[in-house]
2 protein chains.
Amino acid sequence: MRPIIIGFGLLILCLLLLFRIGEVNFIKGDVKLEVIVAIAALIFFLVGLFFNYHSQKKISQVQPPSPAIADTPTSVIDYEQIKKLGLTQREHDVLVKMAEGLSNQEIGTALFLSESTIKTHVSNILFKLDAKRRTQAVQIAKQLKIVL
Amino acid sequence: MRPIIIGFGLLILCLLLLFRIGEVNFIKGDVKLEVIVAIAALIFFLVGLFFNYHSQKKISQVQPPSPAIADTPTSVIDYEQIKKLGLTQREHDVLVKMAEGLSNQEIGTALFLSESTIKTHVSNILFKLDAKRRTQAVQIAKQLKIVL
DNA sequence: AGGCTTTTCCTACTTTAGTATGAGAACTTT
DNA sequence: AAAGTTCTCATACTAAAGTAGGAAAAGCCT
């Protein structure tokens, strides 16, 4: 939580600074309004991306323990199985993308991670699922109801 | 990738529009700079959220295999589909093995063929299914009921 | 018999995947 | 605050996968 708080703190500071600069330059009139607006836009666009990225991460972590009503309908992820295999949240995320047929590079892009990181996760997944290839891992994962 | 291009196009339009408004108000001098910057920031923050949200949805949308309802006996190979795609018998054989998570070498052994031959078949399968990787081909094949 | 498709196989590459190892940052738990 | 996990990323390889292009044998069709 600390980094996020710090991040938002800096953000607010940034915002205040922008306003300050904006005001000063507004008086002096030597910097185009467009530039200020553009900078603000860019910063907040990135902030939007960042914010959403982190909030989604949090959401995907809370999901597992929620389904208490379901009477095991045809297709539901077996979280017990995941726990039993020792798969972590991130590994499961990667596994889902793998099952969609994405390459390591594409998974990295989708999850905002480097290909190296994906390779590490994939390697761990293969080990934990006792698979030799990603295709086999997907096959096993589907049979174990780890992915849909 | 088209949606992304369109998205950025709209984004740029939005930006230009903002500048236009900014300039007009700058001349009239009846709106505070802070307000403009704040609006720009807010808009692009939302755009950031929206953009990220959609890029993530797109990727995970390929999933729903929609468990066919009653009329089709839950799981049967759609031979019409196979014919439609121009897949030959041998290619389908290989596709099935691919879906089981076998390597090219293993498929070759299973079908009494050389690895070279399997590679040729796999390459043709990928082309006919419009897939880039075998994992993707398997995903597509399962959705199209070409393999179980 | 000649044309067409399928199947098989090869060489020579290019590109992804996967392994091994190490390491730092972040989060959780104690 | 210290310890254990998880997550991230990197380098350096090794091993599969996939591409391109060619080629020959076998079966089908009319």
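Bear in mind that the values here come from a model prediction, so they are computed numbers and not experimental data. Throughout, a chain's letter reflects where its sequence line sits, starting with A, and its residues are numbered from 1.
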Listed in order of residue number, which residues of residues 111-127 of chain B have a non-hydrogen atom at under 4.0 Å from DNA chain D? B/Lys119, B/Val122, B/Ser123, B/Leu126

By a strict heavy-atom criterion of less than 4.0 Å, which residues belonging to residues 95-104 of chain B are in contact with DNA chain D? B/Ser103, B/Asn104

[N] [atom2] sits how many Å from [X] [atom1], rounded?
| X | N | atom1 | atom2 | answer |
| --- | --- | --- | --- | --- |
| B/Lys132 | C/dA17 | NZ | P | 12 Å |
| B/Arg90 | D/dA25 | CZ | C1' | 15 Å |
| B/His92 | C/dT7 | NE2 | C1' | 17 Å |

Where do [X] and [Y] come nearest, in terms of heavy atoms and distance?
| X | Y | result |
| --- | --- | --- |
| A/Gln139 | B/Gly101 | CG-N, 4.4 Å |
| B/Val138 | B/Ala99 | CG2-CA, 3.8 Å |
| B/Leu126 | B/Ala137 | CD2-CB, 3.7 Å |

Residue pairs meeting side chain to side chain donor-acceptor pair (under 3.5 Å), one or both in residues 125-137 of chain A, sequence neighbours left out, come to A/Glu91-A/Lys128, A/Asn104-A/Arg134, A/Arg133-B/Glu106

Test: side chain to side chain donor-acceptor pair (under 3.5 Å). Region: residues 113-122 of chain A. Which pairs qualify, not counting sequence neighbours? A/Ser114-A/Thr117

Any non-hydrogen side-chain atom of B/Lys97 less than 4.5 Å from a side-chain atom of B/Val94? no

Could you check A/Ala131 against B/Thr88 and say which one's nearest nucleotide on DNA chain C is further toward the 5' end? B/Thr88

Atom [atom1] of [X] and atom [atom2] of [Y]: how far apart are they, to the nearest 0.5 Å?
| X | Y | atom1 | atom2 | result |
| --- | --- | --- | --- | --- |
| A/Leu87 | A/Leu129 | CG | CG | 5.5 Å |
| B/Leu144 | B/Lys84 | CG | NZ | 9.0 Å |
| B/Ile125 | B/Leu85 | CD1 | CG | 11.5 Å |
| A/Ile140 | A/Leu95 | CD1 | CG | 10.0 Å |

Quick check on the helix from C/dA1-D/dT30 to C/dT30-D/dA1: what's the angle between its two end axes, five base pairs per end, to the nearest 10°? 60°

Quick one, which residues of residues 134-142 of chain A touch DNA chain C with a heavy atom under 4.0 Å? A/Arg134

Applying the 4.5 Å side-chain criterion to the ILVMFWY set and letting contacts propagate, would A/Leu148 and A/Ile107 be lumped into a single cluster?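 Yes; A/Ile107 is reachable from A/Leu148 via cluster members.
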
Applying the 4.5 Å side-chain criterion to the ILVMFWY set and letting contacts propagate, would B/Phe127 and B/Ile118 be lumped into a single cluster? no

Taking any heavy-atom pair under 4.0 Å as a contact, classify B/Gln89: base, sugar-phosphate, or nothing.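 Sugar-phosphate: the residue B/Gln89, judged by heavy atoms under 4.0 Å, touches backbone atoms but no base.
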
Counting just side-chain N and O atoms, does B/Arg133 come under 4.0 Å of either OP1 or OP2 of D/dG18?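 Checking D/dG18 against B/Arg133, no side-chain N or O comes under 4.0 Å of OP1 or OP2.
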
